[in-house]
Participant: 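Pasting a structure here, questions to come.
This structure is a prediction, so every number in the text was calculated from the model and none was measured.
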Amino acid sequence: MNSWLRFGGGSELLNELLQNFNCIGVAAGNTGAQMGGWFRKEIKSVDDLKGLKMRIGGFAGTILAKLGMVPQQLAAGDIYPALEKGTIDAVEWVGPYDDEKLGFYKIANYYYYPGWWEGCGQGHNLINLGKWNELPKSYQSAILTASGDAWAWVLGKYDYVNPAALKRLASQGVQLRAFPQDTMEASYNAALEIYADLSKTNPLFKKLYDSLVTYRSDSLVWQQVAELSFDSFMLRMRTRS
């Protein structure tokens, strides 16, 4: 995400969009990989999603609605009571560290991954475009530098605190589960349909989406080479020991 934003043209495309709202955006924080969410019952197939009420928003809610779920928009403080009363059946928030603090594990025992609908929580500083243009270049540079440091700090913090939180949740009896393959495939296909429809009606979305997909496809080749090299090395070391 950071590479695409800073070097792959992502920030420029986003700011092309934000100009319509008289703003400029500077990436300034990312929560890293997210979880799929908490469910009160086990999900054995995509059919188990039908009729479930889940606290979720944005594209994810639209996609899950195509699969028969009922998306709900709730603020942080309202989620736990709704889950406790059975007003909702499932909830996604961020990841182990933040989710643990909200206590979802006390009610919903199944913790699913991956968070395919929100691979990361990407934050931006949004600044009035006119005010930004009035700033001296040195002030603009200071804001860009501080925002970049915040991006790295937030990601580093979450990557540090999430593993420990996940261990604590597991010790409380939380059932960590991967979404079934048919659920992942159905979600993937539904997402692609929505993105394709939006691309037909929203030119700016299409520009952003096409740019991201192209960059992701090229990047994936390198990611796989690097990770497979490491995995092969570790496998050889474990075999020797």
Participant: Should L176 and L166 be marked as a side chain to side chain contact (heavy atoms under 4.5 Å, CB included) after you check the CA-CA gap, both sets of side-chain angles, and the distance that decides it?
Facilitator: CA-CA 9 Å; L176 187 64; L166 191 61; 4.2 Å; yes

Participant: Would you compute the distance between atom CG of L18 and atom OG of S11 and round it to the nearest 0.5 angstrom?
Facilitator: 10.0 Å

Participant: Would you confirm whether D149, through its side chain, and T145, through its main-chain N or O, come within 3.5 Å as a donor-acceptor pair?
Facilitator: no

Participant: Could you pull out all donor-acceptor pairs under 3.5 Å where a side-chain atom in residues 84-95 meets a protein atom, sequence neighbours excluded?
Facilitator:
residue: D89; atom: OD2; partner: K53; partner atom: N; Å: 2.8
residue: E92; atom: OE2; partner: R55; partner atom: NH1; Å: 3.1

Participant: To the closest 0.5 Å, what do you measure between CD (Q72) and CD1 (I79)?
Facilitator: 11.5 Å

Participant: I'd like to check L155 versus N2 (side-chain heavy atoms, cut-off strictly below 4.5 Å). Are they in contact?
Facilitator: no

Participant: Quick check: is L5 connected to Y209 through a chain of hydrophobic side chains (ILVMFWY, heavy atoms under 4.5 Å apart)?
Facilitator: no

Participant: Where the side chain of S141 meets the backbone of S138, is there a donor-acceptor pair that is under 3.5 Å apart?
Facilitator: no

Participant: Can you tell if the side chain of E185 reaches within under 4.5 Å of the side chain of Q181, non-hydrogen atoms only?
Facilitator: yes

Participant: Determine yes or no for a side-chain-to-main-chain donor-acceptor pair under 3.5 angstrom, with D197 supplying the side chain and I194 the backbone.
Facilitator: no

Participant: Taking all non-hydrogen atoms of both residues into account, name the closest pair between P71 and G61 and its distance.
Facilitator: CG-O, 3.5 Å

Participant: Given the rule that I, L, V, M, F, W and Y join up when any side-chain heavy atoms are under 4.5 Å apart, are L220 and Y215 in one cluster?
Facilitator: no

Participant: So, taking the atom named NZ in K44 and the one named CG in D182, what distance separates them when rounded to the nearest 0.5 Å?
Facilitator: 13.0 Å

Participant: Less than 4.5 Å apart, side chain to side chain, heavy atoms only: is that true for W132 and N128?
Facilitator: no

Participant: Please list all pairs meeting salt bridge (Lys or Arg N to Asp or Glu O under 4.0 Å) that have one or both residues in residues 6-23, counting only residues at least two apart or in different chains.
Facilitator: E16-K207

Participant: Minimum heavy-atom separation for Y105 to E100, with atom names?
Facilitator: CE2-O, 3.7 Å

Participant: For Y80, which residues count as a ring-ring contact (aromatic ring centres under 6.0 Å, His included) partner, sequence neighbours excluded?
Facilitator: none

Participant: Are V46 and F179 close enough, and set up right, to give a side chain to side chain contact (heavy atoms under 4.5 Å, CB included), and what steps lead you there?
Facilitator: CA-CA 9 Å; V46 67; F179 282 116; over 6 Å; no

Participant: Please report the interatomic distance CG(L129) to CG(N15), rounded to the nearest 0.5 Å.
Facilitator: 8.5 Å

Participant: Give me the ring orientation class for F205 and F59: parallel if the planes are under 30° apart, tilted from 30 to 60°, perpendicular past 60°.
Facilitator: perpendicular

Participant: For a 4.5 angstrom cut-off between non-hydrogen side-chain atoms, does M69 reach K50?
Facilitator: no

Participant: Side chain of N202, backbone of L198: donor and acceptor closer than 3.5 Å?
Facilitator: no

Participant: Do L49 and F39 make a side-chain contact, defined as non-hydrogen atoms from C-beta onward lying under 4.5 Å apart?
Facilitator: yes

Participant: Which atom pair, heavy atoms only, marks the closest approach of R40 to I107?
Facilitator: NH1-CG2, 3.4 Å

Participant: Hydrophobic clusters here meaning ILVMFWY residues chained together by side-chain heavy-atom distances under 4.5 Å, can you tell me if Y160 and L169 are in one?
Facilitator: yes

Participant: Would you name the heavy atoms of G173 and N109 that are closest together and state the gap between them?
Facilitator: O-OD1, 3.1 Å

Participant: Determine, using the 4.5 Å side-chain heavy-atom cutoff (strictly less than), whether L208 and L192 are members of one ILVMFWY cluster.
Facilitator: no

Participant: Can you find a heavy atom in the side chain of K41 that is under 4.5 Å from one in the side chain of L52?
Facilitator: yes

Participant: Measuring from atom OH of Y195 to atom NZ of K200, what distance do you get when rounded to the nearest 0.5 angstrom?
Facilitator: 16.0 Å

Participant: Pair L14, H124 - check side chain to side chain contact (heavy atoms under 4.5 Å, CB included), show working.
Facilitator: CA-CA 10 Å; L14 281 168; H124 277 74; 3.8 Å; yes

Participant: Is the shortest side-chain heavy-atom distance between Y188 and T183 below 4.5 Å?
Facilitator: no

Participant: Looking at K206 and D210, does any basic side-chain N land under 4.0 Å from a carboxylate oxygen?
Facilitator: yes

Participant: Scan the side chains in residues 22-35 for donor-acceptor partners under 3.5 Å anywhere in the protein, sequence neighbours excluded, and list what turns up.
Facilitator:
residue: N30; atom: OD1; partner: G32; partner atom: N; Å: 2.8
residue: N30; atom: ND2; partner: Q122; partner atom: OE1; Å: 2.8
residue: T31; atom: OG1; partner: Q34; partner atom: NE2; Å: 3.0
residue: T31; atom: OG1; partner: G121; partner atom: N; Å: 3.0

Participant: Measure across S187 and I63 and return the closest heavy-atom pair with its distance rounded to 0.1 Å.
Facilitator: O-CG2, 3.8 Å

Participant: I would like to know whether T62 and K66 meet side chain to side chain contact (heavy atoms under 4.5 Å, CB included); could you show each step before the answer?
Facilitator: CA-CA 7 Å; T62 305; K66 288 179 71 73; 5.5 Å; no

Participant: Among residues at least two apart in sequence or on other chains, which ones pass ring-ring contact (aromatic ring centres under 6.0 Å, His included) with Y113?
Facilitator: none

Participant: Is there a chain of hydrophobic side chains (I, L, V, M, F, W, Y, each step under 4.5 Å between heavy atoms) that links W116 to Y112?
Facilitator: yes

Participant: If you measure from CD on Q223 to CZ on R216, what distance do you get to the nearest 0.5 Å?
Facilitator: 12.5 Å

Participant: Only counting residues at least two apart or in another chain, list the ones meeting ring-ring contact (aromatic ring centres under 6.0 Å, His included) with Y111.
Facilitator: W38

Participant: With distance as the sole criterion, is a donor-acceptor pair present between the side chains of W4 and S219 under 3.5 Å?
Facilitator: no

Participant: Within the structure provided, determine whether W117 and L64 are in side-chain contact (heavy-atom separation under 4.5 Å).
Facilitator: yes

Participant: Minimum heavy-atom separation for P180 and I43, please, with both atom names.
Facilitator: CG-O, 3.2 Å

Participant: Give a yes or no on whether K131 atom NZ has more than 12 heavy-atom contacts from other residues, nucleotides or ligands under 6.0 Å away.
Facilitator: no

